[in-house]
2 protein chains.
Amino acid sequence: MATGESLRRDAVRNRGRILAAARLLFAERGLHVTMDEIAREAGVGVGTVYRRFPNRDALIATLFEERLQEYVANAEEAAAHPDPGEALETLLERTIEMQAVDRGLHELLVGDAEAHERLARTRNDLRPVIEDLLRRAHRSGALRPDVAITDLPVLGLMLREVVDFSHDVAPQLWRRYLAILLDGIRSTGRPLPQPALAQDQLEAAMSCHKPRRP
Amino acid sequence: MATGESLRRDAVRNRGRILAAARLLFAERGLHVTMDEIAREAGVGVGTVYRRFPNRDALIATLFEERLQEYVANAEEAAAHPDPGEALETLLERTIEMQAVDRGLHELLVGDAEAHERLARTRNDLRPVIEDLLRRAHRSGALRPDVAITDLPVLGLMLREVVDFSHDVAPQLWRRYLAILLDGIRSTGRPLPQPALAQDQLEAAMSCHKPRRP
DNA sequence: CAGGAAGCGGAGGGCGGTCATCCACTTTCG
DNA sequence: CGAAAGTGGATGACCGCCCTCCGCTTCCTG
């Protein structure tokens with residue numbers, strides 16, 4: 001094991017199985033799954049998991065570095081659509097879809113305080129793109145004027161709760177409420193009664209928000 | 001202690017303190033608070049709590065019987081408003097407000113499988129009233145035609161998630177998203193993409209939905 | 001093909017957290 | 001005043017989880 005390169009063939013295979021199992025379980029059930037469950041799903045012993053990854057967090061980190069890149073790329077692509085109304089729609093749709101499919105990703109995005117630092121970086125990449133999108137949407141009238149950028153994470157949160165709730169019974173149900181929300185943020189009823197969160201309020205709320213664990 | 005009537009004066013006082021403490025803590029932090037925390041808040045020992053209430057569940061049951069009555073009465077009153085649009089609005093507003101103020105009540109309403117039976121009764125009282133309200137609202141055009149009765153609990157769920165999220169930072173924020181949702185269910189955009197849950201789907205989802213515990 | 005290094009499994013130690021009990025002590029009240 | 005009721009909180013029992021440890025297996029190199 002000179003530079004950490006030369007793993008025996010079985011070790012490589014097992015590492016792959018562990019990652020696959022973890023990916024699956026985190027996606028289906030959330031970040032709270034135990035090391036023993038991951039090991040069992042992978043068809044290896046816990047010891048094996050711990051030889052490859054010093055602890056839970058290391059495993060999670062390895063796994064989600066890639067996932068986050070993908071998430072951001074996806075959002076940026078959606079936001080780039082020339083028509084701001086549609087851009088906003090697909091942005092929300094894609095964003096929620098990824099979180100709907102991957103429970104672990106969602107838990108990472110809202111609420112994990114440790115991961116917060118790592119996320120801040122990627123979030124900052126994303127922000128200017130979305131700010132620009134919102135400006136365009138406001139100008140074009142595709143969005144009521146009092147909707148702010150900090151509303152988007154909250155809308156995501158609400159929809160994700162629907163995903164969580166109806167998961168086993170009607171996994172696509174969130175699209176129904178996405179449609180309602182979209183109509184809601186396009187309509188021009190009375191002005192909204194409460195101000196949107198300021199950026200730092202949003203961050204404060206996120207950093208102490210705990211995900212569910214069954 | 002012949003018929004359970006004659007408690008010593010200090011016992012009565014302590015029972016009151018325990019109930020008050022439990023009410024407070026359940027409301028602020030949810031049903032997951034421990035017996036020790038309740039005892040400490042009440043200024044008594046755990047033993048005292050266990051003498052009055054054989055276990056956690058008994059304490060919860062005692063406490064929330066009254067709360068549920070209140071909840072149902074409140075909803076019925078709101079639904080009775082002659083103008084269906086306003087009835088719907090205040091129904092949601094009051095309902096969420098009660099849940100926003102009392103975390104334990106919310107956890108009881110969505111997700112507690114054991115309490116489910118007890119709740120079924122009260123829910124059944126409520127349903128015809130709300131069904132009637134929806135019919136009136138549909139006829140009057142105050143509500144898009146494809147909104148169904150099972151949408152209401154889901155809207156409640158979404159808003160409660162906002163409450164949970166912004167609780168410490170902007171406790172009234174949920175009203176902002178209530179306004180968005182109300183505009184969304186009044187608007188007549190494209191028809192909604194997914195069907196509403198059927199009654200039994202809703203119940204299935206509720207009975208396996210687990211509340212958060214920090 | 002042989003021997004040593006690398007890898008493996010999974011029992012179990014340690015930990016932290018909760019419910020509920022138990023009993024020596026205190027308070028009430030007839 | 002004294003028996004009965006009530007009290008507190010240390011304690012036992014339990015649980016689920018993280019991670020370690022070590023005797024056994026598998027790989028791979030010479």
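In what follows, chains carry the letters A, B, and so on, assigned in the order in which the sequence lines appear, proteins first and then strands, with residues in each chain numbered from 1.
Two residues, Arg56(A) and Arg15(B), neighbour DNA chain D, and the one matched to the more 5' nucleotide by heavy-atom proximity is Arg15(B).
Protein atom CG of Asp57(B) is 16 Å distant from nucleotide atom P of dT18(C), rounded to whole Å. What separates CE of Met35(A) from P of dG10(C) is a distance of 16 Å, to the nearest Å. The interatomic distance linking Glu37(B) (CD) with dG9(D) (P) rounds to 16 Å, in whole Å. Between the P atom of dA6(C) and the CG atom of Asn14(A) lies a distance of 17 Å, rounded to the nearest Å. Ile38(A) places its CD1 atom 11 Å from the P atom of dC19(D), with the value rounded to the nearest Å. The nearest whole Å value for the distance from the CD1 atom in Ile60(A) to the C1' atom in dC18(D) is 13 Å. What separates CG of Asp36(A) from C1' of dG10(C) is a distance of 9 Å, to the nearest Å. When rounded to the nearest whole Å, the span between CZ of Arg52(A) and P of dA6(C) equals 11 Å.
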Under the criterion side chain to side chain contact (heavy atoms under 4.5 Å, CB included), I'd like the reasoning laid out for Phe26(B) against Ile38(B): C-alpha separation, chi angles, the key distance, then a yes or no.
CA-CA 9 Å; Phe26(B) 284 147; Ile38(B) 293 170; 4.0 Å; yes
Side chain to side chain donor-acceptor pair (under 3.5 Å) between Tyr71(A) and Gln99(A), intermediate numbers included
CA-CA 9 Å; Tyr71(A) 179 78; Gln99(A) 295 183 47; 3.2 Å; yes
Just distance, no hydrogens or angles: give the donor-acceptor pairs under 3.5 Å from side chains in residues 13-23 of chain B, sequence neighbours left out.
| residue | atom | partner | partner atom | Å |
| --- | --- | --- | --- | --- |
| Arg23(B) | NH1 | Glu66(B) | OE2 | 3.2 |

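Counting any heavy atom pair closer than 4.0 Å across all strands shown, Arg51(A) reaches a base atom.
Summarising the geometry, atom CD belonging to Glu76(B) is positioned 12.0 Å from atom CG belonging to Leu133(B); distances are rounded to the nearest 0.5 Å. Considering CZ of Arg52(B) and OG1 of Thr48(B), their distance stands at 8.0 Å, rounded to 0.5 Å.
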Distances for protein N/O vs nucleotides 26-30 of chain C N/O pairs under 3.5 angstrom?
| residue | atom | partner | partner atom | Å |
| --- | --- | --- | --- | --- |
| dT27(C) | O2 | Arg8(B) | NH1 | 2.9 |
| dT27(C) | O2 | Arg8(B) | NH2 | 3.0 |
| dT28(C) | O4' | Arg8(B) | NE | 3.4 |
| dC29(C) | OP1 | Arg9(B) | N | 3.0 |

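Using a cutoff of 4.0 Å between basic side-chain nitrogens and carboxylate oxygens, Arg103(A) and Asp164(A) are scored as salt-bridged. Glu70(A) has a carboxylate O that lies under 4.0 Å from a charged side-chain N of Arg67(A), or vice versa, which qualifies the two as a salt bridge. Ion pairing between a basic and an acidic side chain is recognised when a charged N comes within 4.0 Å of a carboxylate O; Arg176(B) and Asp151(A) show such pairing.
With a 4.5 Å cut-off on side-chain heavy atoms, Met35(A) and Tyr50(A) count as touching.
For the segment residues 40-50 of chain A, the set of residues with a heavy atom within less than 4.0 Å of an atom of DNA chain C comprises Gly43(A), Val44(A), Gly45(A), Val46(A), Gly47(A), Thr48(A), in numerical order.
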